[in-house]
J.: 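Take a look at the following structure, please.
All residue numbers in this chain count up from 1 along the given sequence.
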Amino acid sequence: KTSIYLAKVRIGSETVKTDERPEPVIKPTHANARYGAHERNVLDFYQAPSDKPAPLAVYIHGGGFVGGDKTVPPAQLKGFLDAGISVAAIRYRFVDGKDIVFPAPQHDGARAVQFLRSKAKEWNIDSDRVACYGGSAGAGISMWIGFHEDLADPTSDDPIQRESTRIQAIGTFGGQSTYDPIKIRELIGGRAWEHPSIFRIYGITTADEALHPTPEKQKLYDESSAFTHLTPDDPPLYMVYSEADGPLPPDARPGQGIHHPNFGRHLKTRMDELQIENVFVYTPAEKSRDVNAEMLEFFRKQFENVKVK
């Protein structure tokens, strides 16, 4: 059994504590490979040594859709590679509230998956065994890719666009099931829904706009939230939450609670109803669990369960 060791690593806004064990820097096999037209549409690819096509884990960083970068924690990266799983780490467009809003980052993530599949032969990737994972914003993108219907366009003149966006497993740290501020207010309470990024991702500026959307804006809320797209054929999810549980305090600041475990409970309830395999871990109550090693094993299990047509 392969373990991934992380020394108090921040994944998005989540802090995951495991054993401290420094690891040497691993350089990408292909650095800053361009997968789209925007300057941030680049990724690093780390090829696992394998005589046959290797499964792939796609790391999507967090940062509120306005920051962060594609650096994979070295020990985590080593764990995947030692397990024979190649890794890709992507950048994606940051929202600015004007020219770039939702669902641009989600579409970038999906495009990156399509690009990687287009490189399957060249980079020795098993296209039938792909997982996406990340923290916070990266978790949201990962779930959106996993739950959204296939974005492949078989008739496209762009060969990358013909590739499937469907994946076989998802891993998240502090992921938001929805980016609908109305639903966030219902699920979390307090002022979580007032997180600055919630306003920026939709290009809105006032609380009244956020809580009383136009029909067009409500459609955008629905399209941009992973939860809305859940169907019985969606891939299994391994989710981790570490933020304080329970009701938010009366003096909660705007955005406090944006990684609340209620997002995970929201997902788990619906996924259980749809009979989709899922694991919910709340780390403060289960401190002995090595969630990074568990997530790796979860991915391996899902890859083994794939039945290629």
J.: Give the ring-plane orientation class for Phe102 versus Tyr179, where under 30° counts as parallel, over 60° as perpendicular and anything between as tilted.
T.: perpendicular
J.: Among Phe80, Phe173, Tyr133, whose ring pair (Phe, Tyr, Trp, His ring centres under 6.0 Å) with Tyr59 holds?
T.: Tyr133
J.: Identify the residue among Ile167, Asp233, Leu267 that makes a side chain to side chain contact (heavy atoms under 4.5 Å, CB included) with Phe147.
T.: Leu267
J.: Check this for me, if you would: do Glu186 and Lys183 make a salt bridge, where the nitrogen-to-carboxylate-oxygen distance has to be below 4.0 angstrom?
T.: no
J.: To the nearest 0.5 Å, how far apart are OH in Tyr282 and CD in Glu243?
T.: 8.5 Å
J.: Looking at His107, His38, His61, which hits ring pair (Phe, Tyr, Trp, His ring centres under 6.0 Å) with Tyr92?
T.: His61
J.: Tyr202 vs Tyr221 aromatic rings, parallel, tilted or perpendicular, using cut-offs 30° and 60°?
T.: tilted
J.: Run the side chain to side chain contact (heavy atoms under 4.5 Å, CB included) test on Lys70 and Asn32 for me, step by step, so that the C-alpha distance in whole Å, both residues' side-chain angles and the decisive distance to 0.1 Å come before the verdict.
T.: CA-CA 10 Å; Lys70 56 181 170 56; Asn32 294 316; 2.9 Å; yes
J.: Val42, Ile125: one ILVMFWY side-chain cluster at the under-4.5 Å cut-off?
T.: no
J.: Given the rule that I, L, V, M, F, W and Y join up when any side-chain heavy atoms are under 4.5 Å apart, are Met295 and Val281 in one cluster?
T.: yes
J.: Determine, for Phe94 and Arg40, whether the Lys NZ or Arg CZ falls below 6.0 Å from the six-membered ring centre while staying within 45 degrees of the axis.
T.: yes
J.: Using salt bridge (Lys or Arg N to Asp or Glu O under 4.0 Å), reason through Glu297 and Arg300 one step at a time and then give a plain yes or no.
T.: CA-CA 5 Å; Glu297 293 303 318; Arg300 291 176 71 171; 3.5 Å; yes
J.: Do Arg270 and Glu273 meet the salt-bridge criterion of a basic N to acidic O distance under 4.0 Å?
T.: yes
J.: Which word best sums up how the rings of Phe115 and Trp123 line up, parallel for under 30°, tilted for 30 to 60°, or perpendicular for over 60°?
T.: perpendicular
J.: Please check if any side-chain donor atom of His30 sits under 3.5 Å from a side-chain acceptor atom of Gln47, or the reverse.
T.: no
J.: Between Asp234 and Arg166, does any NZ, NE, NH1 or NH2 come within less than 4.0 Å of an OD or OE carboxylate oxygen?
T.: yes
J.: For His259 and Ser136, does a side-chain donor sit closer than 3.5 Å to a side-chain acceptor?
T.: yes
